[in-house]
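Read through the structure below, which is laid out as C-alpha cells, and then see the notes.
Excluded from the calculations below are hydrogen atoms, water molecules and symmetry mates; all remaining heavy atoms, backbone and side chain alike, are included. Below, chains carry the letters A, B, ... as their sequence lines are ordered, and counting in each starts from 1.
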There are 2 protein chains.
Amino acid sequence: MTKRSTRELIEENADALFYQGGFEATSFADIANAVGISRGNFYHHFKSKDAILDAVITRRLDATRAMLEHWEADASPEVRILAFIQILITNRTKIMAFGCPVGTLNTELSKLDHAAQNRAAEIFGLFRDWLAKQFTALGHNDDAEALALHLLGRSQGVAVMASAFRDEGFLRSEVASLEDWLQGLPQQLKTQQLKTRPRMTECS
Amino acid sequence: MTKRSTRELIEENADALFYQGGFEATSFADIANAVGISRGNFYHHFKSKDAILDAVITRRLDATRAMLEHWEADASPEVRILAFIQILITNRTKIMAFGCPVGTLNTELSKLDHAAQNRAAEIFGLFRDWLAKQFTALGHNDDAEALALHLLGRSQGVAVMASAFRDEGFLRSEVASLEDWLQGLPQQLKTQQLKTRPRMTECS
DNA sequence: TATTGGTTAGGACAGTCGTCCTATTGCTGT
DNA sequence: ACAGCAATAGGACGACTGTCCTAACCAATA
C-alpha cells in the first residue's frame, strides 16, 4: 500500500470527522489525535481551521469528479443516473447515521455564514451539471437542469428523513420510487429500454 | 401586548438563535446577550445547555401541534395538505438562509450524537402522523404513512437544495411540482375537485 | 563533518465555553 | 415593617478553543 503523507492523513481524518461530527464540533485536537500527531505539527501543515476545511472541500470536489468520470463508462444515460441513485443504497449505513456529506456540510456552513459555503455548494454543482448532461442525452433539452435539481433534491430529502428516523425501509422505498420516476420519464431519444424488475411498495 | 416572562424570552431567543446559527455554535452568552440579561440570571432559569435545548424542542412541538390543529379547520384534506406544502413558500426567505428548522436541528443533533435527537424527530413525527391522517381521509388506507413520509422527504430536499444554492426559482418550481403530485394522486374517496390553476414549469 | 531546511513535539497564549457560586435587588404575603 | 423567596447581576472556575512560538529531530547536501 502507498504510504500516505502526513498532510494526506490529516485531510483524510478531517474529512471523516467533519462528516461524522460536523465542522464546528470537530477541533484541531480531535483531528490531531485521530492522526496521531501533535497540534504543533498539525499547524505546520494547515495554518488555520479554514485552511483544513478548504482542503477537505477540495478533496471532496476531486473525489466527486473522479466518481462522476468513472460512471461515464456506463453504457447508457439511464444506467449512469441509476448509479447516482444507487449511492443512497451503497452508503445507507453512514447516511442513516450522519446524513449526506454534501448536504449536511452545506447546511452547517450556511448557518455559520461561512465563506466556504459557496465552494461546498460547488459539489452539488458537479452533480447537477453531470446529471443534467445525462438528462440532455436522454433528449430533455429544455428541462435537463430542472430534472437534475429535482433528483438531487429528492436524494437530499431521503437522506435527511432516513437520518432523522433511522429508517432504512423508507430509504429503500424512496430509492425504488426514484428508479420508477426515472423509468417513467418521457424519453424522446431513448435508445435502450431498461428491463423491468420487481419493486417495493412505493408512493408516487 | 402580553408581557412575556424572562423564561419565555429566553426560549424565544434561543429558538431563533438555534435555528439561525445552530445549537452547538450558539453559546449561553449569545442567548443572554440577545435577551439582555446576565449569564447568572440565565442559569437561574435553565441549569444546563441541554435543558434549554429541551425547552426549545418542547416549544417547537407545541407550536407544530397548534399549527396542525389550526389547519384542521380547512375544508378538505387536499386543502390541508396544500397548507403544509405552502409553508415552503411562506417561509422561503428563512429557508433559503437557514434551511428547515426541523430538518437542520435533527441533522445537527444526529452528528452530535445528542440524546435529544429522538425528541427532535418527534416534530417530524407530528407532521408524518397528521399528513397520514389527511391521506387516509383521501382514501389511502394502506399507503397513507408512506405518502406522508414521501411528502415530508420531498419538502426536506427542497429546503436543503434551496438553502445550498439560494435558489428561490427552484423552491417555487418544486412546490408547484408537489401540488401537481398531490392533485394527480388516485383519490378513491375524493369529494371535492380542486380547481386547476396556472403552474410553473415542472419536472415530474 | 557541518549546514541547511523540512518535519515534528510540546507548551504558551488569550479568549471563550458551560458551569457554578455569592451577593444584591425587588416583589409578595403577613 | 419585616421576613422570605424568586429574580438578577457579576465574577470565578477549570476545561477547551484556535493560534502561535520555540526547540528538537532527521535526512540530504556541501
Side-chain angles (χ1 to χ4, degrees), chain A residues 2-59 105 108-109 111-117 119-120, chain B residues 2-59 105 108-109 111-117 119-120:
Chain A
T2 309
K3 191 168 65 177
R4 286 180 292 273
S5 68
T6 301
R7 186 184 173 91
E8 284 170 326
L9 284 174
I10 292 174
E11 290 183 6
E12 282 177 20
N13 283 273
D15 194 341
L17 288 173
F18 286 174
Y19 175 37
Q20 295 163 17
F23 169 69
E24 179 87 357
T26 301
S27 69
F28 269 46
D30 292 332
I31 305 171
N33 200 49
V35 179
I37 61 173
S38 65
R39 282 149 291 149
N41 190 5
F42 192 115
Y43 217 77
H44 176 257
H45 292 280
F46 296 97
K47 69 177 190 301
S48 71
K49 202 181 177 185
D50 287 354
I52 172 69
L53 173 62
D54 218 58
V56 166
I57 294 177
T58 299
R59 187 184 160 81
L105 182 62
E108 181 176 7
L109 296 183
K111 281 191 197 288
L112 296 177
D113 208 16
H114 199 289
Q117 195 260 321
R119 289 199 70 228
Chain B
T2 309
K3 191 167 66 177
R4 285 180 293 273
S5 68
T6 301
R7 186 184 172 91
E8 283 170 328
L9 284 173
I10 292 175
E11 290 183 6
E12 282 178 19
N13 282 272
D15 194 342
L17 288 173
F18 286 174
Y19 175 36
Q20 295 163 18
F23 169 69
E24 179 87 0
T26 300
S27 69
F28 270 45
D30 291 331
I31 305 171
N33 201 48
V35 179
I37 59 173
S38 65
R39 282 151 290 146
N41 190 7
F42 192 114
Y43 216 77
H44 176 257
H45 292 280
F46 295 96
K47 69 177 190 300
S48 72
K49 202 183 179 187
D50 287 353
I52 172 69
L53 172 62
D54 216 58
V56 166
I57 294 177
T58 299
R59 189 185 158 80
L105 182 62
E108 182 176 6
L109 295 184
K111 280 190 197 291
L112 296 177
D113 207 18
H114 198 290
Q117 195 260 323
R119 288 199 72 227

Residues in ring-ring contact (aromatic ring centres under 6.0 Å, His included) contact with [X], at least two apart in sequence or another chain:
X	answer
B:Phe46	none
B:His45	none
B:Phe18	B:Phe23

OG on B:Ser5 to CD on B:Glu11, rounded to 0.5 Å
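Answer rounded to 0.5 Å: 7.5 Å.
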Taking any atom closer than 4.0 angstrom to a non-hydrogen atom of chain B, what span of DNA chain C does the protein reach, first nucleotide to last?
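Here the contact window of chain B covers C:dC17 to C:dC20.
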Report, as a single string ordered 5' to 3', how protein heavy atoms within less than 4.0 Å touch nucleotides 3-18 of chain D: B base, S sugar-phosphate only, - not at all.
----BBBB------SS
I need the full list of side chain to side chain donor-acceptor pair (under 3.5 Å) pairs touching residues 20-29 of chain B, with sequence neighbours left out, sorted by first then second residue.
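Side chain to side chain donor-acceptor pair (under 3.5 Å) check on residues 20-29 of chain B returns B:Ser27-B:Asp30.
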Minimum heavy-atom separation for A:Ile10 and A:Val35, please, with both atom names.
CA-CG2, 3.9 Å
Check whether any side-chain N or O of A:Asn13 sits under 3.5 Å from a backbone N or O of A:Leu9 as a donor-acceptor pair, and report yes or no.
yes
